[in-house]
Amino acid sequence: MPPLARRLAASRLRPRGGRALHTGPPSDPAVLACRLASRAVVLFAGPEAARFLHSLLTNDLLSAFAAGGASSPQRYAPTPNAPARGPAGPAYAALLTPQGRFLYDLFLYRPPPRSQMLDRTGSAPETGEKPAQEEGEPAEVLADVDAAEVDELVACFKRYRLRSKVEIDNVSENFACWQRFGRNVVHTEPSTQEPEAQSIGWGQGIDHAGESAAQGNGHGWQWLKDPRLDYLGYRGIFPADTIPPLVESDKEADERHYQLWRIENGIAEGSTEIPKGEAIPLEYNLAALNAISFEKGCYIGQELIARTHHRGVIRKRLMPMKFVDEKGEELDQAVAPGSEVVNEASGKKIGTVNTALGSRGMGLLRLEEALKQGSSLRISDNKGVRVQGVRVQAIKPDWWPAEWTQMVDQQSAVA
């Protein structure tokens, strides 16, 4: 049984917000859904909302939002019960400092237009009209952001607003972020939609019960493919008073399960795991997580990103780690964030733990020493004092491009 499944099968899920979560082991611990209390929702509204964000952030948002438009090619052959076009999937992007350091990460959604939302009966569009092919830039963009930084983020974007026609508001009271994840929801198809939602549409013979289940209780909100990696399943923004579709069958879990899933795959999220004002985005693998476009025009901090990318040498990267004892057995809660990872042979520091949960963690490590065959890594505290009995196993994630470690692999082969 994989490490995550083993932990989940032995755990008890904790209650959230007065609604009891399932307290027994999930029937299938490889498929879970959770509300992300660590994330908040910000609304950017106005005729220039998309262009405003596009000018500041690292990704090409105009192209991302246009991907769901009528002018884009259909990803699947049409069926009698399928919509003419699916919604544009979320885009992942970051706001950087002028020096190219990380500030905030954002998942950006084009909300479903009112013509695609159902009325309370679930039998007709809320507007009373057939859904239209809506083109052009969206007048509203919803952003899923780090809840711990939401007030500073809103203030930061307002400083950049100047004369742009865009209003920026924290709407977390009205909306919540959710994630479906696990090995059984890995989605490798090109479509951005959850498969159960793809079979639902307008036309004769509509199954309204299925439509309600796939569309989020009849409000037009859907699960969409996580824009970073297939490993991560589906993500969505839903009305705060709505339990998203497909959650009950998958079992609702505590957010720590999702955090552990990310840690085991070496994927950081938010300003706690990607140090605000310090982290270099390419070292935290944001390019491979589809957060950075190297084709779009200027954005804040682009100069450092472009120079580092074209130089092609990144010696440190965020990596997942396992904490074990002298016998190789996993150790729970043995390491604190901020601890140093040290090469036992040389005594030199090769990196720092920035996130730890149970026996797993992530840290920014020097690739040459972390992946060197036969290297022995240990933990010391932030004062350089060795922590007795705690070893570190650095793990190269399966999703990493081969070129990231090609030089290290060649050196190991020669040795």
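Side-chain atoms are counted along with the backbone in the values below, which use heavy atoms only and exclude waters and symmetry mates. Numbers here simply count residues along the sequence, with the first being 1.
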So, [X] side chain and [Y] main chain: donor-acceptor pair closer than 3.5 Å or not?
| X | Y | result |
| --- | --- | --- |
| Thr58 | Ala291 | yes |
| Asn343 | Ala345 | yes |
| Glu48 | Lys165 | yes |
| Ser172 | Val41 | yes |
| Ser375 | Lys372 | yes |
| Trp223 | Pro245 | yes |
| Thr97 | Arg101 | yes |
| Asp254 | Arg256 | yes |

List the residues meeting side-chain hydrogen bond (donor to acceptor under 3.5 Å, both in side chains) with [X], not counting sequence neighbours, and say none if there are none.
| X | value |
| --- | --- |
| Thr352 | Lys349 |
| Arg39 | Asp105, Asp144 |
| Ser164 | none |
| Glu149 | Lys276 |

Taking atom [atom1] of [X] and atom [atom2] of [Y], what is their separation to the nearest 0.5 Å?
| X | Y | atom1 | atom2 | value |
| --- | --- | --- | --- | --- |
| Ile292 | Leu282 | CD1 | CG | 5.0 Å |
| Arg110 | Leu224 | CZ | CG | 13.0 Å |
| Gln259 | Thr272 | CD | OG1 | 9.5 Å |
| Gln179 | Arg35 | CD | CZ | 14.5 Å |
| Asp332 | Leu357 | CG | CG | 9.0 Å |
| Asn59 | His54 | CG | NE2 | 9.5 Å |

Would you name the heavy atoms of [X] and [Y] that are closest together and state the gap between them?
| X | Y | answer |
| --- | --- | --- |
| Ile237 | Leu142 | CD1-CB, 3.9 Å |
| Ala147 | Ala37 | CB-O, 3.8 Å |
| Ala288 | Trp399 | CB-CZ3, 3.8 Å |
| Ala370 | Ala394 | O-CB, 3.8 Å |
| Ala49 | Ala139 | CB-O, 4.1 Å |
| Ala40 | Cys177 | O-SG, 4.0 Å |

Distance to the ring centre below 6.0 angstrom and angle to the axis at most 45 degrees; does that hold for Arg235 and Phe107?
yes

Working for salt bridge (Lys or Arg N to Asp or Glu O under 4.0 Å), residues Arg228 and Glu269
CA-CA 11 Å; Arg228 295 168 294 177; Glu269 186 174 294; 2.8 Å; yes

Determine whether the side chains of Ser38 and Glu255 contain a donor N or O and an acceptor N or O closer than 3.5 Å.
yes

Tell me every residue that passes ring pair (Phe, Tyr, Trp, His ring centres under 6.0 Å) with [X], counting only those two or more places apart in sequence or in another chain.
| X | answer |
| --- | --- |
| Phe102 | none |
| Phe175 | Trp221 |
| Tyr258 | Phe181 |

Residues passing the salt bridge (Lys or Arg N to Asp or Glu O under 4.0 Å) test with Arg366, sequence neighbours excluded, are none

Which residues share a salt bridge (Lys or Arg N to Asp or Glu O under 4.0 Å) with Glu273, sequence neighbours left out
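Partners of Glu273 by the salt bridge (Lys or Arg N to Asp or Glu O under 4.0 Å) criterion, ordered by chain and then number, come out as Arg262.
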
What side chain to side chain donor-acceptor pair (under 3.5 Å) pairs are there with at least one residue in residues 282-307, not counting sequence neighbours?
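Counting only pairs at least two positions apart or across chains, the side chain to side chain donor-acceptor pair (under 3.5 Å) contacts touching residues 282-307 are Asn285-Arg317.
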
Using the side chain to side chain contact (heavy atoms under 4.5 Å, CB included) rule, take Ile379 and Val342 through it: C-alpha gap first, then chi angles, then the decisive distance, then the call.
CA-CA 6 Å; Ile379 288 290; Val342 178; over 6 Å; no

A side-chain contact here means heavy atoms from C-beta on lying under 4.5 Å apart; do [X] and [Y] qualify?
| X | Y | answer |
| --- | --- | --- |
| Val166 | Arg51 | no |
| Phe238 | Ile243 | no |
| Trp400 | Thr405 | yes |
| Met319 | Ile395 | no |
| Val335 | Val390 | yes |
| Ile305 | Pro281 | yes |
| Tyr92 | Leu108 | no |
| Leu371 | Lys396 | yes |

Under the criterion side chain to side chain contact (heavy atoms under 4.5 Å, CB included), I'd like the reasoning laid out for Asn354 against Leu318: C-alpha separation, chi angles, the key distance, then a yes or no.
CA-CA 9 Å; Asn354 74 338; Leu318 185 76; 3.8 Å; yes

Can Arg391 and Glu344 be counted as an ion pair, charged N to O under 4.0 angstrom?
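Between Glu344 and Arg391 there is a salt bridge, with a charged N closer than 4.0 Å to a carboxylate O.
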
For residues 138-171, which residue pairs pass the ring-ring contact (aromatic ring centres under 6.0 Å, His included) check, not counting sequence neighbours?
Phe44-Phe157

Which pairs with one or both residues in residues 349-378 pass ring-ring contact (aromatic ring centres under 6.0 Å, His included), sequence neighbours excluded?
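Every candidate ring-ring contact (aromatic ring centres under 6.0 Å, His included) pair involving residues 349-378 fails, so no pair, neighbours aside, qualifies.
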
What do the steps show when you test Lys322 against Val392 for side chain to side chain contact (heavy atoms under 4.5 Å, CB included), and what is the final call?
CA-CA 6 Å; Lys322 184 188 297 184; Val392 177; over 6 Å; no

Take Val42 and Ile168 through the test side chain to side chain contact (heavy atoms under 4.5 Å, CB included) and record every step on the way to the result.
CA-CA 7 Å; Val42 173; Ile168 307 166; 3.8 Å; yes

Option passing side-chain contact (heavy atoms from CB on, under 4.5 Å) with Val145 (candidates Leu106, Asn170, Val154)
Leu106

Answer yes or no: does atom NZ of Lys158 have more than 12 heavy-atom neighbours from other residues, nucleotides or ligands under 6.0 Å?
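Result for NZ/Lys158: enclosed.
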
